[in-house]
Structure formats: structure tokens, C-alpha cells
Amino acid sequence: MSTPHLHVPAVPARPGEQPDFSYVRLAPAGAEPRPPVDVAVHETAALAEGLVRVLDDEGRAVGPWDPGLTSEALQRGLREMLLTRVFDDRMQRTQRQGRISFYVRSYGEEAVSVAAAHALRPRDMLFPSYRNQGLHIARGMPLIDMMCQLLSNTRDMCKGRQLPVMYHSAPLRLFSISGNLATQYPQAVGWAMAAAIKGEDDVAAGWIGEGSTAAADFHHALLFAKVYRAPVILNVVNNQWAISTFQGYAGGEQRSFAARGPGVGVAGLRVDGNDYLAVYAATAWAAERARAGHGATLIELVTYRAGAHSTSDDPSRYRPKDEYHAWPLGDPIERLKRHLIARGEWSEARHAALAAELEGMVGEDWKQALAFGALAEGPRLDPALMFGDVFKEMPPHLEAQRAEMEAELAARRGSGGAGDGSGA
Amino acid sequence: MSTPHLHVPAVPARPGEQPDFSYVRLAPAGAEPRPPVDVAVHETAALAEGLVRVLDDEGRAVGPWDPGLTSEALQRGLREMLLTRVFDDRMQRTQRQGRISFYVRSYGEEAVSVAAAHALRPRDMLFPSYRNQGLHIARGMPLIDMMCQLLSNTRDMCKGRQLPVMYHSAPLRLFSISGNLATQYPQAVGWAMAAAIKGEDDVAAGWIGEGSTAAADFHHALLFAKVYRAPVILNVVNNQWAISTFQGYAGGEQRSFAARGPGVGVAGLRVDGNDYLAVYAATAWAAERARAGHGATLIELVTYRAGAHSTSDDPSRYRPKDEYHAWPLGDPIERLKRHLIARGEWSEARHAALAAELEGMVGEDWKQALAFGALAEGPRLDPALMFGDVFKEMPPHLEAQRAEMEAELAARRGSGGAGDGSGA
Amino acid sequence: MTAMNMVQALNSAMDVMLARDPSVVLIGEDIGYFGGVFRATEGLQRKYGAHRVIDSPIAEGGIVGAAIGMGVNGLRPVAEIQFADYIYPAYDQIVSELARLRYRSATEFTAPVTIRTPCGGGIRGGQTHSQSPEGVFAHVSGIKVVMPSNPYDAKGLLIAAIEDDDPVVFFEPKRVYNGPFDGDPDKPSESWAGHPMGEVPEGYYSVPIGQAAIARPGEAVTIVTYGTMVHVCIAAAADLGLDAEVVDVRSMVPLDIDTLAASVEKTGRCLVVHEATRFGGYGAELSASIQERCFWCLEAPIRRVAGWDTPYPHAFEWEYFPGRLRVRRALQALMQEAP
Amino acid sequence: MTAMNMVQALNSAMDVMLARDPSVVLIGEDIGYFGGVFRATEGLQRKYGAHRVIDSPIAEGGIVGAAIGMGVNGLRPVAEIQFADYIYPAYDQIVSELARLRYRSATEFTAPVTIRTPCGGGIRGGQTHSQSPEGVFAHVSGIKVVMPSNPYDAKGLLIAAIEDDDPVVFFEPKRVYNGPFDGDPDKPSESWAGHPMGEVPEGYYSVPIGQAAIARPGEAVTIVTYGTMVHVCIAAAADLGLDAEVVDVRSMVPLDIDTLAASVEKTGRCLVVHEATRFGGYGAELSASIQERCFWCLEAPIRRVAGWDTPYPHAFEWEYFPGRLRVRRALQALMQEAP
Ligand SMILES: Cc1ncc(C[n+]2csc(CCOP(=O)(O)OP(=O)(O)O)c2C)c(N)n1
Ligand SMILES: Cc1ncc(C[n+]2csc(CCOP(=O)(O)OP(=O)(O)O)c2C)c(N)n1
Ligand SMILES: [Mg+2]
Ligand SMILES: [Mg+2]
């Protein structure tokens with residue numbers, strides 16, 4: 001019997017060490033069965049510890065989870081994943097240039113969002129985290145709108161009130177992104193409960209990272225989804241890292257995150273998150289299950305955060321620089337490209353051409369977005385907007401404060417002061 | 001495909017209906033295997049959905065979980081369960097007479113607390129809920145001390161600051177009971193983490209009701225216990241009801257509460273909570289597992305809240321009056337008594353004598369406790385005590401407020417007012 | 001008009017709104033089949049169904065999180081938190097989400113959630129059934145905070161809260177659920193029957209949020225208070241035969257400072273009274289903003305009477321509670337105050 | 001003495017205490033191997049081990065709940081909440097448990113937990129990385145609340161907090177982590193080097209909790225403030241050539257009202273300044289209690305300068321932040337005020 005000591009989760013590799021992904025439990029493509037959507041929750045226990053994969057190492061689509069998509073659908077998937085990456089890379093660069101104050105890439109996780117968006121209906125409501133921009137792109141949010149939000153400029157959909165990447169769109173059914181982790185999860189469940197209460201067959205889907213499963217909201221969401229059999233899909237994007245914290249600290253040691261589902265009484269699927277077809281198929285299965293009234297599904301999407309946490313982060317401080325190259329599930333774009341080529345419906349040349357086209361497009365949109373201003377250089381929206389929408393109607397104390405601020409700005413202009421609050 | 005509607009958990013029987021416990025998944029005594037204490041978490045999945053039982057319907061102790069206790073140990077168990085019930089009944093009556101303001105019985109759940117206390121070491125730290133008085137009694141807290149707390153009298157251990165039943169004892173390692181559900185659960189885990197950090201082999205144990213598993217603290221406790229492999233036993237007392245709310249609303253439909261353990265990565269056991277031997281054996285197993293460094297266990301104790309939620313509750317409003325008689329797991333005291341009789345070590349006569357002895361004892365103690373006063377009639381502690389222990393040293397603003405109150409009391413005495421704050 | 005106590009008035013408000021608006025739903029612990037531990041939702045599940053009057057798990061954070069999602073999907077949820085002492089697990093969803101959603105999404109997403117919760121002591125509930133946490137909500141930009149002191153206002157304000165497109169935290173002073181309370185626990189408890197504010201219309205009406213009420217007009221001094229303390233203050237002033245003007249704040253956010261200031265400008269003296277602990281409480285905001293508005297008319301400092309800065313002690317409830325004697329003593333001192 | 005910025009001073013405080021007292025442990029998100037997102041715990045896990053400098057799951061409620069249990073078992077946990085904006089999930093454990101334990105158990109159980117958390121804006125963090133929620137903790141009986149404005153106080157107060165047997169919520173104004181900030185974001189940011197309060201002893205010392213400090217002595221007017229705003233207020237007074245006395249509250253609970261009152265009695269005028277939203281904020285308590293103590297010496301109403309009552313807007317940060325201009329304008333108005 002060992003003398004008592006505090007166990008702390010092992011981290012496979014730190015800077016300077018060899019990447020080691022032996023802890024990632026894999027399964028061959030096509031190995032997992034695809035049960036009917038009305039399967040009993042406890043019968044999904046094995047799937048929650050397994051790994052749903054469709055694309056094999058040769059780029060073939062195999063097994064019962066192959067959604068059998070058309071070439072057109074596949075090319076759309078490839079295009080929108082690539083667009084997401086091109087967009088991310090460009091925005092990251094502009095942040096470096098100081099044009100935007102903050103950015104979060106989804107590099108390496110594009111399939112998680114794009115495939116899910118494609119598998120859901122337009123009326124289904126999405127509750128994204130800050131790393132699901134693929135949802136917005138796949139739902140057709142104009143890049144210019146996203147850029148203007150990032151620039152906090154005169155066309156910022158958030159009226160200058162939100163950090164970059166906190167997009168929203170009621171018409172596109174993309175919920176407002178919160179800076180507080182996981183809060184959208186029980187909200188997604190409540191939204192789904194409301195759909196059921198109203199007798200509508202819309203489904204809600206929420207996304208959080210594996211680190212965020214530690215939050216109370218994860219528990220509340222799973223519990224309410226179970227108790228009321230809510231038509232909701234709860235996605236956990238296990239990209240192995242939460243800023244500097246390895247997934248073991250969120251409870252990932254020897255246990256999948258998907259297993260939390262059956263534990264509480266919600267179906268669970270562990271899915272290859274870098275496999276567009278697997279993500280699509282799992283999402284479609286869960287949506288069908290939810291729509292048919294069989295309740296929620298917890299989907300763990302196994303992927304890897306290929307980039308930094310955000311533009312404020314430097315991962316070389318806490319993990320090996322080249323870890324991503326050793327990641328066993330590869331790159332989602334490369335894998336779908338390979339599949340399309342294997343099907344004889346794509347080529348390196350067409351891929352290069354597509355990349356060039358998308359880069360051009362993003363560059364064009366960026367120019368146009370800049371025309372609406374940028375936080376640093378301006379023009380900016382009227383600061384008085386900060387007092388709007390705190391309440392539906394502005395109460396007297398905010399009216400008074402707005403007037404005070406207007407007077408302050410007038411004085412500042414008078415004193416020729418900069419937009420800095422100092423008036424110096 | 002059914003038209004969408006909100007699922008709400010079924011409640012088997014409401015007032016006027018026939019009790020129906022067909023939803024309680026049973027297993028014959030002795031049926032469940034007893035794995036070694038270093039068993040892998042996922043191998044406890046079946047035990048978490050099964051039912052660990054030792055006492056069969058004939059009162060025999062059967063199967064691998066039989067702890068093989070001595071007659072002396074068994075008689076102690078019987079005595080302290082009975083004492084708990086006698087104490088509860090008496091305190092309930094005094095509440096009816098208006099002597100104490102509030103009371104909570106553990107009627108029908110005595111084994112849950114008493115057997116667990118007996119299976120743990122004196123140094124192990126206990127974090128009870130308000131329905132675990134069997135722990136206090138089994139650890140030898142003087143009944144008079146408990147009664148004085150209930151009376152909020154001059155010997156009240158809580159100095160008049162707490163509702164009745166919110167006992168505590170540092171020397172007996174019984175943590176202070178909170179009115180906020182489940183808050184003690186992550187605290188128990190933190191206490192256990194500290195033991196591990198200090199290299200001590202003490203174990204912590206916490207108790208909450210099945211309804212309280214919905215609280216965020218349940219999730220935090222399980223997660224931290226998993227991540228740091230804390231030497232803690234997390235007990236969920238599933239007595240089927242949370243005030244008026246059936247356990248289905250806590251997620252009990254078609255899923256055990258113990259299954260939450262393996263779901264997160266903590267061993268899980270579902271145990272017959274009305275079987276003294278099963279509770280003892282399960283607790284001993286979990287304690288040994290924890291002490292050996294193999295981590296936490298979530299134990300669901302299946303029992304039934306035979307009485308009202310508290311003296312403020314009337315269960316006939318929401319469940320059949322006679323439900324308890326139909327409860328399939330019987331009564332914990334009756335079952336242990338039957339076992340001792342079957343072993344030839346007990347008799348109805350001795351039992352009646354014991355009951356009489358304990359009633360006499362409780363009556364005696366009650367008289368003595370009353371000598372220290374009662375909230376209604378007084379004498380009471382000095383009200384100035386309300387300002388103590390908010391901080392270790394009293395800060396000036398509280399000194400000032402205490403002086404104000406003293407002046408107020410003086411004025412009240414002057415005006416001959418009652419102890420009522422009105423001074424009228 | 002019918003005589004209703006506050007619980008009946010609240011029940012009637014929810015009944016009226018459930019009937020009028022199919023998007024109204026209720027959710028909370030023990031509120032459905034059982035009708036709530038204070039019976040505020042009695043009979044409503046039977047009348048409107050388990051899908052509109054929803055029993056919930058014991059997870060205040062989950063209740064509010066789910067209610068927000070329901071609100072976003074077009075419903076008007078009314079969540080009950082069984083005791084205000086248990087609202088803290090929901091604090092993050094209220095502060096970080098419910099209060100911010102309209103703002104951060106520039107009105108594209110909103111959740112018209114009402115959160116009802118019984119507060120205050122005087123019922124021998126001890127420190128976890130007696131708290132008055134309105135102050136930690138009033139400080140949060142983006143939520144309205146309300147506390148009625150009588151059945152008429154309770155129904156009218158609750159209907160206004162449910163119809164309000166902004167989130168509202170609705171505090172119910174449970175000590176006056178069954179009758180007004182003058183601060184004397186030894187007197188047989190009064191009933192609302194016969195009290196003018198206990199006369200309540202059966203049907204629909206609302207009391208606008210954002211307006212204080214003059215509970216007792218007077219000239220000598222202004223007492224600014226709310227909830228249970230309105231009645232205690234009226235009684236205390238009567239004890240002294242003092243012509244005090246008692247202003248019932250009713251709406252903590254937005255605050256009707258004009259009505260408060262008008263009264264203080266008239267009387268020149270002001271006592272702020274609440275049951276919540278004093279330090280950093282809502283009374284500090286009342287004192288500070290009245291002082292800012294009325295400084296030059298003040299003939300004496302604004303004083304506060306409140307619960308002591310300790311937890312609510314079970315055995316010393318009536319030494320803790322800011323009763324008539326404490327209010328009286330403060331009024332006497334205030335009237336005598338001079339440089 | 002060495003020149004330290006506030007982050008280094010905080011790191012040094014924890015280093016000193018980890019070395020002196022084996023019962024001190026740290027727990028929080030990203031604090032261990034990584035050293036914290038603001039580097040406050042840099043190097044400490046390497047030095048003291050992963051069992052004393054503990055990386056945690058992202059569960060603020062769990063962190064505080066576990067820290068309480070550790071405290072009960074004889075440890076002195078220092079929990080880091082990565083941003084004060086994310087402390088709300090822990091609000092229940094702090095308010096209902098940490099603040100109450102000593103009281104309800106009549107001292108049999110106590111948990112000497114310190115909760116460190118960076119607060120305040122001016123770093124382009126938007127509404128979820130800029131909040132100043134001290135007010136919703138100062139109202140809670142049973143916890144001490146502290147906010148230093150410079151490296152020397154930061155280290156001394158943090159050591160005092162860790163040694164304190166009562167729970168302490170320790171707010172760190174992150175805008176001044178790397179240097180004092182006079183309110184002008186366009187100026188190259190200053191460093192603490194050369195600043196008198198940037199000179200910090202390497203070893204053990206403490207600054208007592210419960211004492212305000214005179215950051216700048218003066219006669220004309222009293223400015224009561226804390227955190228980042230101390231520096232802004234000094235600069236604003238300097239802009240006006242006004243002989244203001246700037247009082248750094250430092251300890252919000254317990255409040256050193258005597259030092260504040262003495263200053264106001266001397267100057268006759270008082271401006272209360274903080275970055276937190278105004279309505280129902282801690283400044284209201286400062287205003288109310290100073291008014292109660294100093295009413296007869298006040299030559300003008302006590303005024304407040306604070307953040308507007310809105311979320312902290314990303315793009316309008318410098319119109320939101322109560323900068324030098326806002327403080328100057330308030331001072332000018334206050335000095336002119338007369339019946
Ligand atoms: C409640 C809360 N706590 C802490 C943070 C700070 N924080 C922002 S992102 C992050 C890591 C999240 O990791 P994960 O959930 O795995 O998502 P990922 O970034 O990997 O996509 C943390 C701790 C926060 N935003 N909210
Ligand atoms: C956080 C919180 N929410 C609500 C309550 C009110 N309450 C007290 S006991 C109780 C039911 C608890 O049921 P359960 O956990 O099953 O324990 P049991 O009473 O059955 O032993 C409720 C809702 C509370 N005390 N704390
Ligand atoms: Mg992650
Ligand atoms: Mg129960």
C-alpha cells in the first residue's frame with residue numbers, strides 16, 4: 001500500500017520532450033456499429049468509449065457510419081473548412097499587425113464545426129463557443145460581418161460592446177457567444193425544452209471545450225437534458241488542451257468525456273473530430289434521435305488544438321512545439337481532400353486553386369471591412385451606444401450618465417485630448 | 001415519430017393511488033460480486049447498476065459482501081439504529097409541543113448513517129447532511145449536546161446561531177452541517193486532498209440526498225475526486241424523495257445515481273441502504289480502496305424516506321400515505337433484528353427491553369437538556385453572541401453594532417417590552 | 001376586488017398570465033404537483049399542465065440557465081428560487097448571462113425571465129432561510145430588481161415583471177405573505193383581510209416597475225424603506241406619534257429617485273431602513289444618492305437602520321431583526337440631531 | 001529592497017509563504033506548470049511541487065469548495081480565480097460557506113482561505129475581463145476584502161491575507177500589474193521601477209489588513225479611492241494643481257473609517273472614486289458611512305465618480321473608464337459647490 005500522496009494527472013509531453021499520444025484510445029475506421037436512433041442510453045456506453053471513424057488511412061469511407069454524401073456535399077465541406085482556415089490565418093495576421101485586439105483560431109478543428117453545421121437544419125439553433133467559427137461560415141454569415149465585429153468598427157454587429165469573435169446572428173440561429181465558459185450549455189438545453197413545450201421539432205446544439213466540462217453548467221445541461229429528454233446535441237470538443245492545462249485535469253484520464261452521457265442517462269458518442277464524415281454522421285444521428293423524441297446525445301469530438309489558445313497565448317511554454325505533426329488523427333482538411341482525391345473527384349491542383357480563390361476572397365472582404373473602420377484608427381461607432389440595450393428602455397440614471405459622458409467628450413474635444421479618457 | 005412534447009418524469013403513485021415500487025431495480029441478496037479494492041473504475045459499472053445486498057428475506061447474511069461481523073458488533077449496530085429512531089421520535093414529539101422550532105427525522109434511513117460510521121475509523125472525517133444524525137449518535141455525541149442544540153438553549157453548541165439539527169463536532173470529526181444542499185461535498189473532497197497532500201491516511205466521507213445530486217457541488221466533488229484520486233467516499237442517499245419531488249427529477253429514471261461515478265471515472269456501488277451489513281461492507285470496501293490510494297467511490301444507498309421531509313412538511317399531499325409499507329427493502333432495524341434472531345443472538349423480548357431502555361435514556365437526557373433552557377421559555381444565551389465569530393477578532397463596525405444592540409436591549413427592558421424587537 | 005394574502009395575490013398573478021399568454025411557463029423546485037413550499041403555485045400545474053408548470057431538479061443554476069434558453073426561444077419563464085438564500089448557485093447565470101444578453105447581442109437575443117424568490121426573516125428560519133440579498137443584484141447592470149410590500153403591489157408588480165422584456169429579480173418578503181407585520185412577533189399575527197392593500201382585483205392589472213409609493217404621507221421626516229419594513233416603520237412612527245412620510249421603494253432597479261428626493265426635500269430628514277445587513281447594502285445606495293440630490297436641504301445626516309452585519313442568528317432573531325424599537329430609537333435620535 | 005512590479009511582488013509573497021509555512025498551498029487554473037496567465041505563480045510549482053502548487057479543472061466553484069475542505073484539514077489554501085469576472089460560479093461557496101463556517105460552528109471549524117483574483121479594466125479585455133465586483137463581496141458578512149494599489153502593499157497585504165485566519169478575497173487591479181497608470185492609455189506605459197512603492201523587500205513582511213493609507217496628503221479635498229484609481233486620482237489632482245488628500249482604502253472589509261473620516265473632517269469635501277459600476281457599488285457604502293460620520297463638517301455633498309452602469313464595452317473602454325478627465329471635472333464641480 002503506497003504512502004498517501006496527491007495524485008496529479010500525468011501530462012504526456014512538455015516542451016523539449018517527444019510528443020506522446022499513446023494515451024489517445026484509437027479504433028480503426030468503420031469499426032463501431034451504428035445503432036438505431038432509438039437505442040437505449042446504456043447501450044451507447046461502448047460507443048462513448050469507442051471512436052466513431054469513417055475515413056480510413058487510405059482516405060476511403062468505410063463502415064456503417066458512412067453518411068454517403070454526394071461529391072457536391074463533400075466539396076462544400078472541404079471548401080468551408082478551408083475557408084475557415086484561410087479566414088483564421090488572415091485574421092491572426094491582422095491581429096499581429098495590431099488591427100484587431102484579439103483573435104482565436106480553430107486551426108485543426110475545422111471539421112468539428114463545419115460538418116456539424118452541414119448535418120443540421122437551418123432552423124436548428126446553435127450555441128457556439130469562441131472556437132466554432134466554422135459554424136458561422138457554414139451557415140453563411142458574411143465574412144465582412146465577422147471582420148467588422150473583429151474590428152469593432154462602424155459596422156460591428158455587437159455595437160462595440162464585445163471582444164472580437166463574440167459573434168451572433170438571430171436570423172442564422174447562431175447564439176451570442178459568451179466570454180464565460182459553458183454558460184451556453186444549459187441555455188441550449190432550455191432552448192430545446194422550449195421547442196418541445198411548443199411542439200416544434202427544432203433541435204438545439206451546443207459546443208464547449210473539454211476543459212469547460214468541469215464547469216457546473218456542463219452538469220446542469222446534461223442533467224436537464226436527461227430529466228426532460230430535451231432535443232439537444234451537447235458537443236464536447238476535446239482538443240486536448242485548455243490554455244496550458246492538459247485534458248487530464250478535466251477528468252480525461254482513462255475515461256472519455258462522452259462517457260459522462262451514459263453516466264447521467266444521455267446517449268454518448270466518442271467521435272473522430274478530424275473526420276468530416278464521422279462528425280457529419282454522428283451529428284445527423286443525434287439530430288434524428290432528438291427530433292424523434294428520444295432525447296439528447298453527448299458527442300465528444302476528439303481533435304487537437306493545433307494553434308495557440310488565442311493570440312494572447314504561447315503554447316511553446318507548456319507543450320512540444322511540433323506536437324501537432326504527431327497527432328494520430330491527422331488534419332481534417334487533408335483527410336477530406338485525400339478522400340475526394342481517392343474518389344477521383346478532386347486533385348492537388350484544384351485544391352491549390354481553391355485555396356488561392358478563398359485567400360483572394362478573404363483579402364477582398366478584408367479591404368471592404370476595413371473601409372468601415374478599425375478600433376485603433378477609427379472611425380468607430382458613437383460611444384453613446386454603450387448606454388443602449390442595457391435595458392429595453394433606457395432608465396433615467398443611464399440617461400443621466402450618457403449626458404455626463406457626452407459632456408465629458410465635449411470637454412475632451414475642447415481640451416484637444418485624445419480618445420483616452422485622460423483628457424491630457 | 002411522436003409529435004414533439006416535453007417529457008416529464010413519471011411519478012409512480014400519488015395520494016389515493018396504489019403504491020408502486022416496480023421501478024426500483026432489485027437483486028437477490030448475495031448476487032453481486034465483491035471485486036478487489038484496486039479494481040479498475042470501469043469494472044464497477046455493473047455494480048453501480050446492480051444492488052449490493054447481504055441480508056436475504058430470511059434474515060440470513062449471504063454472499064461475498066458479508067462483512068462477517070461479531071454478534072457484539074451487530075448488537076451495537078442494532079442498538080444505535082434503534083437509539084437514532086427513538087431519539088428522532090422523541091424530538092419530533094417535542095417539536096409538535098413547540099419546544100423546538102424545527103426537526104428532521106431519519107426514519108427508515110438509520111442504517112445509512114450508523115453502519116457507515118461503524119465501518120470507518122475515528123480519524124476519518126464525516127461531512128453529513130441534515131438527515132445523518134445516526135453518524136453523530138454512532139460517533140458518541142452526547143444526546144444532551146444534540147438536544148441542547150435543538151433547544152437553542154444556554155448549552156447550544158452553535159451558540160444560538162443555527163437552525164436545529166445543524167450539529168458539528170471537531171473532536172468527533174463531524175463537520176458543521178449546512179442549510180445549503182450539497183456544499184459539503186466538494187469540501188469533503190478538498191479535505192481528502194489535504195490528507196493526501198499531508199501524507200496522512202485519513203479518509204473523508206460525505207453524504208447528500210439524491211435530490212442534491214442535481215447541485216453543481218455534486219459535479220465538482222466527483223470531478224475533483226476523480227482528477228486528484230482523492231481518498232473520499234461520496235454517499236448519495238437515495239430515499240426516493242426530495243421534499244415533494246420524486247427522484248426521477250434528479251435524473252433517476254432508468255439510471256442509478258451510482259452510475260454517475262463510473263461515468264466520470266470514480267468507482268460506483270449501488271447498495272441496499274436498509275441492509276446494515278451491506279452498508280457496512282460497501283463503506284469498508286470504499287474506505288480500504290481510498291486508504292490504499294486507489295481513489296474515491298460513489299455509493300448510492302437505496303432507501304426510503306419513511307417520514308415527512310421535516311416538521312414543516314406534510315407528505316400526504318404528494319404521495320400515498322401507506323407507501324412505506326410497500327417499500328421492497330423493508331425496514332433497516334427490523335431486518336437487522338431479524339438477522340440477530342436468526343443467528344440465535346437476539347429475541348423479541350430483548351428487543352422490547354432495549355427499546356424501553358433507550359426510551360428511558362432519551363427521556364432522562366431530555367429532562368437534563370431542558371434544565372439548560374429552551375428557545376421559547378428561555379433561559380437563552382446572551383444575544384451579544386450573535387456578533388462573535390463572524391471574524392476571528394471583532395472588527396470595529398461590529399463592536400459598534402453590538403453596543404447599539406445592548407443599548408436597544410436596555411431600552412427594551414426599560415420599556416418592559418418582551419423579547420420581541422418591538423419594544424411595544 | 002377580493003381579499004387576498006400575498007401568496008394568493010402572487011398565485012393569481014401567475015394564473016392570470018398563464019391564461020393570457022401561452023408563452024408563460026413556470027419552473028422551480030416543488031412548484032408543480034405540490035404547489036410550492038409556500039403554496040404560491042398551488043393548483044397551477046393541474047390547470048395548465050406539467051409542461052407549463054414544471055417541477056425542476058434542485059439546481060438553481062440549471063433552472064436559470066434553462067430559463068434563459070427558454071426565453072431565447074420565445075417563452076416567458078417565471079423561475080422560482082425556493083429561498084433567496086439559495087439563489088447564489090444561479091448568480092453566474094444571472095449576472096454573466098441574463099443581465100448581459102440583450103446588451104452583448106445588440107438586442108438580437110433577449111430572455112424575458114422573471115425570477116421569484118422569497119426573502120427576509122422573522123420566521124425562525126435561521127441563517128439559510130432569512131436572507132435579503134437584494135443588494136448584490138441591484139449592483140448588477142441589466143436586471144431589474146423589485147420587492148413588493150403588500151398583496152396589491154405583489155400581483156401588479158409580478159404581472160408587470162412577467163410582461164417586462166427585461167429580466168426581473170422579484171423578491172417576496174415572506175414575513176408578510178399572510179399578513180402585514182408591525183414588528184411585534186408576540187402579537188397574534190394579523191391577516192391581510194381588511195387591509196386596503198389586501199383588496200386585490202381578480203383579473204389582470206399591473207403596477208409599473210420603476211415607481212416608488214408613498215405608504216404613509218407625512219411632513220416631519222422621510223423613511224425610505226421596502227418590503228416587510230414598510231409596515232414596521234409605519235408602526236414605529238405611530239408609536240412616536242411622529243408625522244413621518246414612509247416611502248416604499250418597491251422598485252430597487254430602476255430606482256424612482258425623484259419620489260424619494262421630493263419627500264426628503266420636503267421633510268429635510270431621512271432614515272433609510274431595510275432588513276438586509278447594513279454594510280455595503282442597498283441602503284448605502286439609497287443614502288448616497290439621496291444625499292447627492294438633497295444635500296442642501298438636509299437638516300441632519302441620513303441614517304440607516306438595518307440588519308446587523310452578521311448572519312441571521314436563529315435564536316436571536318428578534319434581537320437581530322430591525323424591529324420597531326430600533327426604528328423608533330433611530331427616529332428619535334434623528335429628530336434631535338443638530339450641529 | 002528590490003524593484004518589483006505587482007506581479008513579481010505577488011509571486012514573492014506566495015514564494016515567501018510557501019517556504020515559511022508547509023501548510024500553504026496554491027490552487028487554480030493554469031497556475032502550476034504554466035505559472036498563471038498573468039505569471040503570478042511563475043516558477044512556484046517547480047520549486048514547491050505539483051502537490052502544493054496545484055493546477056485545477058476549470059470550475060471556480062469546485063476550486064473554492066475544495067479549498068474550504070483543505071482549510072478545514074489544516075492547510076492554508078491560496079486559490080486563484082483567473083479573472084474576477086469568473087468568480088461568480090464560486091459565489092455560493094464563498095457566501096454560504098467560506099464566510100459562514102466559523103460563525104455557524106462557533107469556531108470549531110474554520111478555513112483560512114485566500115482568494116486571489118485580477119480585476120478591473122483598461123486592458124482591452126471587454127466585458128468579461130474587466131469587471132470590478134468587490135461590492136458584491138463587501139456586503140457579505142464574514143469575509144475580508146482587500147485591494148492593493150502598488151507592489152509594496154500587494155506583497156504585504158497578500159502575506160497578511162494568507163496568514164489571516166479569516167477568509168480574504170484579494171482583488172488585484174491588473175491594469176497596474178506592470179506599472180502605475182495615470183489614466184492616459186496613449187502615453188507609453190510607466191514601470192514600477194523608480195516608484196517608491198515599487199521598492200519591495202525580498203523577504204517576509206506584512207501590511208495589516210484593516211488600515212487605509214494616505215497615498216497623497218492634502219488639505220483642499222479628500223479623494224477616497226483604491227486600486228488603479230489611486231494613481232488616476234493623484235494625476236487628476238495634479239492636473240488641477242489641487243491640494244487633494246488621496247486616501248487609498250486598501251482594505252474594503254474591515255473598513256478603516258477613522259482614517260477616512262479624519263481626512264474629510266479636515267478637508268470638508270469628499271469625492272469617492274472607483275472603477276466598478278456606480279449604482280449599488282462599494283462607493284455607496286463609502287459615501288454613506290462618511291456622510292454619517294462627517295455630515296456636520298461637510299461643505300458640499302459627497303460625490304461619486306465610477307464606471308458607468310453598463311457592462312464594460314470593448315470598443316469604448318476609454319469613454320467608460322473613469323479617467324483623469326472625469327475625476328478632474330468632478331473635482332472642479334465639487335470645489336465650486338455651494339448652496
Ligand atoms: C468561467 C470561466 N473560467 C475561466 C475562463 C478563462 N478561460 C478562457 S478559455 C479557457 C480554457 C478553455 O478550454 P476548453 O474548454 O478546453 O476550450 P478550448 O479553448 O480548448 O477550445 C479558460 C480557462 C473563462 N473564460 N470562464
Ligand atoms: C441550494 C439549496 N436549494 C434548495 C434548498 C431547499 N431544500 C431543502 S431540503 C430539499 C430537498 C433535498 O432532497 P434530498 O437531497 O433528496 O435530501 P433528503 O431531504 O431526501 O434527505 C430542498 C429542495 C436548499 N436547502 N439548498
Ligand atoms: Mg480544449
Ligand atoms: Mg431524497
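Note that the structure is a prediction, hence the values are computed from the model and not measured. Throughout, a chain's letter reflects where its sequence line sits, starting with A, and its residues are numbered from 1.
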Need one label for [X]: side chain, backbone, both or neither, based on atoms under 4.5 Å from any heavy atom in chain B.
{"X": "C:V232", "result": "neither"}
{"X": "C:F83", "result": "neither"}
{"X": "C:T310", "result": "both"}

Problem set entry | Verdict with supporting geometry, B:R380 and C:F316, side-chain contact (heavy atoms from CB on, under 4.5 Å) | CA-CA 9 Å; B:R380 294 183 313 147; C:F316 312 121; 3.7 Å; yes

Distance, nearest 0.5 Å, that separates [atom1] of [X] from [atom2] of [Y]:
{"X": "C:H314", "Y": "B:Q149", "atom1": "NE2", "atom2": "CD", "value": "8.5 Å"}
{"X": "B:S101", "Y": "C:E317", "atom1": "OG", "atom2": "CD", "value": "9.0 Å"}
{"X": "C:Y33", "Y": "B:R319", "atom1": "OH", "atom2": "CZ", "value": "12.5 Å"}
{"X": "B:E408", "Y": "C:L325", "atom1": "CD", "atom2": "CG", "value": "5.0 Å"}

Exercise. Got a salt bridge between C:E319 and B:R402, using NZ or NE/NH1/NH2 to carboxylate O under 4.0 Å?
Worked result: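 No salt bridge links C:E319 with B:R402.
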
Atom group of [X] that falls short of 4.5 Å from chain C, counting heavy atoms:
{"X": "B:L409", "result": "side chain"}
{"X": "B:P395", "result": "neither"}
{"X": "B:D313", "result": "side chain"}
{"X": "B:A182", "result": "neither"}
{"X": "B:I243", "result": "both"}

For this session: Could you list which of residues 158-167 of chain B have a heavy atom closer than 4.5 Å to any heavy atom of chain C, in residue-number order?
Result: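 Against chain C, the residues of residues 158-167 of chain B that fall inside the cut-off (heavy atoms, under 4.5 Å) are B:K159, B:G160, B:R161, B:Q162, B:L163, B:P164.
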
Exercise. What residue, out of B:P9, B:P383, B:S152, has the most heavy-atom pairs lying under 4.5 Å from chain C?
Worked result: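 Winner by heavy-atom pair count: B:P383.
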
Exercise. Can a donor-acceptor pair be found between the side chains of C:D55 and B:T245 at a distance below 3.5 Å?
Worked result: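 No, because no side-chain N or O of C:D55 sits under 3.5 Å from a partner of the opposite role on B:T245.
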
Can you see which heavy atom on [X] is nearest to which on [Y], and at what distance?
{"X": "B:A242", "Y": "C:I58", "answer": "CB-CD1, 3.8 Å"}
{"X": "C:R329", "Y": "B:E404", "answer": "NH2-O, 4.3 Å"}
{"X": "B:A214", "Y": "C:A59", "answer": "O-CB, 3.3 Å"}
{"X": "C:P311", "Y": "B:V390", "answer": "CD-CG2, 4.1 Å"}

Within a 6.0 Å radius of atom [atom1] on [X], are there more than 12 heavy atoms belonging to other residues, nucleotides or ligands?
{"X": "B:E399", "atom1": "CD", "result": "yes"}
{"X": "B:R14", "atom1": "CZ", "result": "yes"}
{"X": "B:Q18", "atom1": "CD", "result": "no"}

For this session: Mind ranking C:F34, C:W308, C:F279 by heavy-atom pairs under 4.5 Å with chain B and telling me who comes out on top?
Result: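 Among the listed options, the one with the most contacts to chain B is C:W308.
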
For this session: Between chain B and each of C:G61, C:G35, C:P89, C:G125, count heavy-atom pairs under 4.5 Å; write down the option with the most.
Result: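 It is C:G125.
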
[Y] and [X], any side-chain heavy atoms less than 4.5 Å apart:
{"X": "C:R124", "Y": "B:F102", "value": "no"}
{"X": "B:H397", "Y": "C:D309", "value": "yes"}
{"X": "B:N180", "Y": "C:Y86", "value": "yes"}

Exercise. Would C:I54 and B:L6 satisfy side-chain contact (heavy atoms from CB on, under 4.5 Å), going step by step from the backbone distance to the final call?
Worked result: CA-CA 10 Å; C:I54 306 167; B:L6 186 75; 4.0 Å; yes

